[in-house]
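Written below as structure tokens is the structure these notes are about.
Every number for a ligand or one of its atoms is a count from 1 in the order of the listing. One is the number of the first residue; the rest follow in order along the sequence. Keep in mind that this is a model prediction, so the values were computed, not measured.
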Amino acid sequence: MPAKKVCIVGSGNWGSAIAKIVGHNAKGSNRFDPIVNMWVFEEMIDGKKLTEIINTEHENVKYLPGHKLPKNVVAVPEITEAVKGASILIFVIPHQFIGKLCDQMKPHITQGTIGISLIKGIDEGPKGLKLISDIIREKLEIEVSVLMGANIANEVADEKFCETTIGAKNEANGHIFKELLQTPNFRITVVQESDTVELCGALKNIVAVGAGFCDGLGFGDNTKAAVIRLGLMEMIAFTKLFCKGQVSSVTFLESCGVADLITTCYGGRNRKVAEAFAKTSKSIEELEAEMLNGQKLQGPQTSAEVFKILKKRDMVSKFPLFASVYQICFEGKAVQEFITCLQNHPEHM
Ligand SMILES: NC(=O)c1ccc[n+]([C@@H]2O[C@H](COP(=O)([O-])OP(=O)(O)OC[C@H]3O[C@@H](n4cnc5c(N)ncnc54)[C@H](O)[C@@H]3O)[C@@H](O)[C@H]2O)c1
């Protein structure tokens, strides 16, 4: 079997952390081509192209400063060039850019190519919910697995121990991805319920925004725990209502479920920006630009997609936490009212 060539589509904070792992594993295995392409959305940093900096200094100085990337990871600015000859694609970009990028990639995809999405977010289609993996599957006509878990990028890059979950409808693909991505400090469980895994990854970012509101309003650990629990109940209910395939409660006990929810409600960027939102009168867009140095927030946008879906099905009242996050971020509802939505939650009625 010829060695499989890998292309990482994306090079932000998570994309660069995962490039460290993939570069290292590809170099040490004869199943994979040792040269790993990484598509980089080109930017100028102090008068130099980001791709040139990565290829000479082996560091993504903007999105993962302080970490060397393996030298066999090659930054490529043209997506059509980056995917050439690749039979494994790792998608790791903010979800709003995926459709356009897939359209550019399509003519260069060869038969038998497989993909894995690390992207957290959802879209809304004519039939309601649309997963990011669905968009990739439909546009590129390839099999797509997902990887989601309690994986804050900087900690993974620091090689601090964590777990993650691969959701793969095709078990053999799941095991190829496990071989490519597992390390002693990045332990992987493969499950078949891919759609549930993916929805966990998307929905927990909305809950994290709620957790950030509570921090900004000065509430304590008990309140945070309640937000996490009520958020989890809404995540499970939403997934059971809108997922096409089977949804088992045990999947929520994997790293992609409870573990990711906890880490995001304590450590992630959604929580951080939402805390600042509650403490200042600035908009989410202003804070994203001010606080994240080009990184993108997923929680508020995902709450907007979820709200549209709930409204269409007349189910807003059954998901007060999700709905309030949207209304506070985008409709001028007072952030102090977030607690009212928790006090009147259907879980207590
Ligand atoms: N960072 C984490 O800890 C983490 C962990 C797990 C999953 N994720 C998920 O991974 C995905 C990617 O996040 P990230 O942290 O790698 O990115 P990021 O938010 O750190 O960086 C934003 C990226 O978007 C790129 N970009 C900007 N404008 C663009 C455009 N017009 N078209 C295409 N790309 C553009 C930038 O070059 C940059 O690479 C997201 O879905 C995120 O939720 C992130």
Side-chain angles (χ1 to χ4, degrees), residues 8-22 38-45 49-51 53-54 60-65 67 69 75-79 82 90-105 116-123 131-133 135-136 146-158 160 162-167 181 186 188 197-209 255-256 259-273 288-289 291-303 305:
I8 302 170
V9 180
S11 55
N13 190 224
W14 187 217
S16 302
I18 219 70
K20 256 188 94 177
I21 293 179
V22 171
M38 178 169 77
W39 173 70
V40 174
F41 179 77
E42 192 68 285
E43 296 179 51
M44 298 303 285
I45 314 280
K49 289 180 175 166
L50 182 56
T51 46
I53 298 174
I54 294 174
N60 188 339
V61 291
K62 175 153 184 194
Y63 294 102
L64 191 65
H67 288 276
L69 300 177
V76 182
E78 292 298 331
I79 186 67
I90 300 175
F91 295 89
V92 56
I93 55 168
H95 74 281
Q96 55 268 43
F97 306 126
I98 191 66
K100 191 170 153 221
L101 204 61
C102 283
D103 291 338
Q104 290 172 267
M105 291 164 72
I116 186 163
S117 171
L118 278 54
I119 299 171
K120 291 178 171 172
I122 58 166
D123 204 351
L131 300 174
I132 303 303
S133 64
I135 299 177
I136 302 171
V146 299
L147 179 145
M148 308 279 149
N151 308 137
I152 289 180
N154 290 331
E155 294 181 23
V156 175
D158 282 339
K160 292 178 177 158
C162 67
E163 297 180 295
T164 197
T165 314
I166 286 179
L181 290 156
F186 190 66
I188 297 176
V197 172
E198 186 169 354
L199 270 173
C200 282
L203 298 174
K204 58 98 198 190
N205 280 333
I206 309 177
V207 186
V209 175
S255 180
C256 62
D260 194 9
L261 182 59
I262 293 172
T263 203
T264 315
C265 286
Y266 281 92
R269 63 181 89 150
N270 288 286
R271 189 218 64 81
K272 190 168 89 173
V273 171
E288 186 180 29
M291 297 174 70
L292 295 184
N293 188 33
Q295 295 190 341
K296 303 286 176 206
L297 268 190
Q298 305 297 331
Q301 208 188 330
T302 306
S303 77
E305 302 295 351

Interfacing atoms of ligand 1 (cut-off 4.0 Å, heavy-atom, [X]):
{"X": "I93", "answer": "11 (C), 12 (C), 40 (C), 41 (O)"}
{"X": "N151", "answer": "3 (O), 5 (C), 6 (C)"}
{"X": "R269", "answer": "1 (N), 2 (C), 15 (O), 18 (P), 19 (O), 20 (O)"}
{"X": "I152", "answer": "3 (O)"}
{"X": "G15", "answer": "16 (O)"}
{"X": "W39", "answer": "33 (C)"}
{"X": "L118", "answer": "7 (C), 9 (C), 10 (O)"}
{"X": "G294", "answer": "22 (C)"}

- K62 to ligand 1, any heavy atom closer than 4.0 Å: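 Judged by the 4.0 Å heavy-atom criterion, K62 does not count as contacting ligand 1.
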Contact check: [X] vs ligand 1, nitrogen or oxygen atoms, below 3.5 angstrom:
{"X": "G12", "result": "yes"}
{"X": "K296", "result": "yes"}
{"X": "K120", "result": "yes"}

- Message: Run the side chain to side chain contact (heavy atoms under 4.5 Å, CB included) test on Q96 and K296 for me, step by step, so that the C-alpha distance in whole Å, both residues' side-chain angles and the decisive distance to 0.1 Å come before the verdict.
- Response: CA-CA 10 Å; Q96 55 268 43; K296 303 286 176 206; 4.0 Å; yes
Region of [X] engaging ligand 1 - heavy atom pairs below 4.0 Å:
{"X": "W14", "answer": "both"}
{"X": "E43", "answer": "side chain"}
{"X": "Q298", "answer": "side chain"}
{"X": "N154", "answer": "neither"}

- Message: Can you confirm whether the side chains of S117 and E198 place a donor and an acceptor under 3.5 Å from each other?
- Response: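 There is no such pair (donor and acceptor under 3.5 Å, judged by atom type) between the side chains of S117 and E198.
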- Message: Does either side chain, that of T164 or that of N151, offer a donor lying less than 3.5 Å from an acceptor on the other one?
- Response: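 Their side chains do contain a donor-acceptor pair, which is all the 3.5 Å distance test asks for.
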- Item | Heavy-atom closest contact (V76 atom, T51 atom, distance) |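 Taking every non-hydrogen atom into account, C-CG2, 4.1 Å.
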- Closest approach of Y63 to G12 (non-hydrogen atoms, all atoms of both residues):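 Taking Y63 first and G12 second, the nearest heavy atoms are CB-C, 3.5 Å.
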- Message: Is there a side chain to side chain contact (heavy atoms under 4.5 Å, CB included) between F186 and K20? Walk through the geometry before answering.
- Response: CA-CA 12 Å; F186 190 66; K20 256 188 94 177; over 6 Å; no
- Task: Kindly determine whether I132 and I122 satisfy side chain to side chain contact (heavy atoms under 4.5 Å, CB included), including the steps that lead there.
- Result: CA-CA 6 Å; I132 303 303; I122 58 166; 5.5 Å; no
- Could you tell me whether the side chain of N60 and the main chain of S16 form a donor-acceptor pair under 3.5 Å?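 Here the side-chain-to-backbone pair does not exist.
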- Task: Write out the residue and atom name of the closest protein heavy atom to atom 20 (O) of ligand 1, then the distance separating them to 0.1 Å.
- Result: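 Checked against all protein heavy atoms, atom 20 (O) of ligand 1 sits closest to N13 N, 2.9 Å.
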- Message: A side-chain contact here means heavy atoms from C-beta on lying under 4.5 Å apart; do W39 and L101 qualify?
- Response: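 They are in side-chain contact.
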- Among D260, T264, T302, which residue meets the side chain to side chain donor-acceptor pair (under 3.5 Å) test with K120?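 Option passing the side chain to side chain donor-acceptor pair (under 3.5 Å) with K120: D260.
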- Message: For N293 and K62: C-alpha separation, side-chain torsions, deciding distance, then whether side chain to side chain contact (heavy atoms under 4.5 Å, CB included) applies.
- Response: CA-CA 8 Å; N293 188 33; K62 175 153 184 194; 3.8 Å; yes
